[in-house]
Amino acid sequence: MVQRILVLDGSPAGESACGTAACVVQNNGHLRVLAIRQEAGKQAAEGVSLLAAEVLQQAGWSLAQGNAPELVAVVVGPGSFTGLRASCAAAAGYAVGVGCPVVGVTRAEALAPELDAALAAAGADLSGWLVVTAARRGRVFVEDPQGAWPINITDWVAPQGKWLVAGEARSVLAFPSAVSCALTHPDVEQVAAAALQRLRGELPERCALPLYVDPPEAKLPANGLRAAPI
């Protein structure tokens, strides 16, 4: 049974941008955070590998000591384009270095158990749950159990029915009928739990690659690419 899990998360976007790294231990099915570092800002999300190095040192985990992580779990999105790319690359590189699996989970996959419980407690008249998270410039990401997609706030048309709505940007979208849920972003134990589910085959397979649901901001130069050097 996997006991040592390194969790990486650089997914939050916009004003919520941050980087998180944590060492989580599993003992008899219970998860406990042994060390955690979280810093706000886009730079922290892009430098999540530095946060990982700090928590690994705090936890005393290393390949040399024979107690390296047995699983790397990374949040694959939706979220910050650069933060996802940096955290997924760091997760893949570390997993290769120590020879352990790397597993990706989405925000909603990590929050799903609590969202399902909140949905059941709220009543049978709800159509389901949605997670609304920050994106860029007048946009948000919306995720449900089937997938994720980007939304222009000005073009938003609420789905029919009454919904349980979570996520840090839940108040940005208008719903004719909704129940607000205080859940915003998964904590590291929830990410680790979802990763273990995927590792055991209890969740569908998903590569530990960024879940890009929004096109990149980078554009080709107006005059085209430079000629190859001679």
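Here the structure is a predicted model, which means the values were calculated and not measured.
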TODO: Starting at CD of Q26, measure out to CD1 of I5 and round the result to the nearest 0.5 Å.
DONE: 5.5 Å
TODO: Output the distance between atom CZ (R137) and atom CG (N152), rounded to the nearest 0.5 Å.
DONE: 10.5 Å
Task: N/O donor-acceptor pair under 3.5 Å between Q190 side chain and D187 backbone - done: yes
Open item on the list: Once rounded to the nearest 0.5 Å, what's the spacing between atom CD of E189 and atom CD1 of I36?
Closed with: 7.5 Å
Open item on the list: When you compare the side chain of V140 with that of W156, does any pair of heavy atoms fall below 4.5 Å?
Closed with: no
Task: Minimum heavy-atom distance between L6 and C23, given as atom pair plus value - done: CD1-SG, 4.4 Å
Open item on the list: Once rounded to the nearest 0.5 Å, what's the spacing between atom NZ of K162 and atom CG of D125?
Closed with: 4.5 Å
- [ ] Please tell me if the side chains of N67 and S62 come closer than 4.5 Å, counting only heavy atoms from C-beta onward.
- [x] yes
- [ ] Quick one: closest heavy-atom pair of A21 and L8, and the distance?
- [x] CB-CD2, 3.7 Å
Open item on the list: Restricting to non-hydrogen atoms, name the atom on F141 and the atom on A135 that form the minimum distance, rounded to 0.1 Å.
Closed with: CE1-CB, 3.5 Å
Open item on the list: Quick check against the 3.5 Å criterion: does W129 have a side-chain atom that pairs as donor or acceptor with the backbone of L119?
Closed with: no
Task: ILVMFWY network linking L173 to L164, side-chain heavy atoms under 4.5 angstrom - done: no
Open item on the list: Would you say L56 ends up clustered with V33 if hydrophobic residues are merged whenever their side chains have heavy atoms under 4.5 Å apart, either directly or through other cluster members?
Closed with: no
- [ ] To the nearest 0.5 Å, tell me how far E46 CD sits from T82 OG1.
- [x] 5.0 Å
- [ ] Apply the test side chain to side chain contact (heavy atoms under 4.5 Å, CB included) to residues R198 and V105: give CA-CA distance (whole Å), side-chain angles for both, the deciding distance (0.1 Å), then the verdict.
- [x] CA-CA 8 Å; R198 175 150 285 135; V105 299; 3.9 Å; yes
TODO: Indicate if L34 and V74 have the same hydrophobic cluster label, given that clusters are the connected sets of ILVMFWY residues with side-chain heavy-atom separations under 4.5 angstrom.
DONE: yes
TODO: Please indicate whether Q65 has more than 12 foreign heavy atoms, meaning atoms of other residues, nucleotides or ligands, lying under 6.0 Å from its CD.
DONE: yes
Task: hydrophobic_cluster_shared for V172 and V179, side chain cutoff 4.5 Å - done: no
Task: side chain to side chain contact (heavy atoms under 4.5 Å, CB included) evaluation trace for R37 with Q58 - done: CA-CA 10 Å; R37 280 281 282 117; Q58 291 173 20; 3.9 Å; yes
- [ ] Please name the pair of heavy atoms, one in A208 and one in V103, separated by the smallest distance, quoted to 0.1 Å.
- [x] CB-C, 4.1 Å
Open item on the list: Please say yes or no: joined through hydrophobic side-chain contacts below 4.5 Å, possibly via intermediate residues, are V96 and L63 part of one cluster?
Closed with: no
Task: Greater than 12 external heavy atoms within 6.0 Å of E202's CD - done: yes
Open item on the list: Using every non-hydrogen atom in the two residues, find where P113 and A110 come nearest and quote the distance to one decimal.
Closed with: CD-O, 3.7 Å
Open item on the list: Is it the case that over 12 heavy atoms from other parts of the model lie below 6.0 angstrom from the CD atom of E54?
Closed with: yes
Open item on the list: Tell me whether D9 contacts the main-chain N or O of V188 through its side chain, where contact means a donor paired with an acceptor under 3.5 Å.
Closed with: no
Task: Interatomic spacing from CD in E143 to CG in L111 - rounded to 0.5 Å - done: 8.5 Å
Task: Non-hydrogen side-chain atoms of W149 and V142 separated by less than 4.5 Å - done: yes
Open item on the list: Any heavy-atom pair between the side chains of S11 and L84 that's under 4.5 Å?
Closed with: yes
- [ ] Considering non-hydrogen atoms only, spot the tightest contact between R206 and G104 and give its length.
- [x] CD-O, 4.0 Å
- [ ] Would you confirm whether R107, through its side chain, and V75, through its main-chain N or O, come within 3.5 Å as a donor-acceptor pair?
- [x] no
- [ ] Apply the test side-chain hydrogen bond (donor to acceptor under 3.5 Å, both in side chains) to residues Q38 and T20: give CA-CA distance (whole Å), side-chain angles for both, the deciding distance (0.1 Å), then the verdict.
- [x] CA-CA 4 Å; Q38 184 176 72; T20 303; 2.7 Å; yes
- [ ] Please check if the side chain of R170 supplies one atom and the backbone of G167 the other of a donor-acceptor pair under 3.5 Å.
- [x] yes
- [ ] State whether the side chain of Q3 and the backbone N or O of V25 hold a donor-acceptor pair below 3.5 Å, judged by distance alone.
- [x] no
Task: Worked verdict on C100 versus L71 for side chain to side chain contact (heavy atoms under 4.5 Å, CB included) - done: CA-CA 6 Å; C100 74; L71 173 67; 5.5 Å; no
- [ ] Go through the steps for V76 and T106 under the test side chain to side chain contact (heavy atoms under 4.5 Å, CB included), then give the verdict.
- [x] CA-CA 5 Å; V76 297; T106 71; 4.0 Å; yes
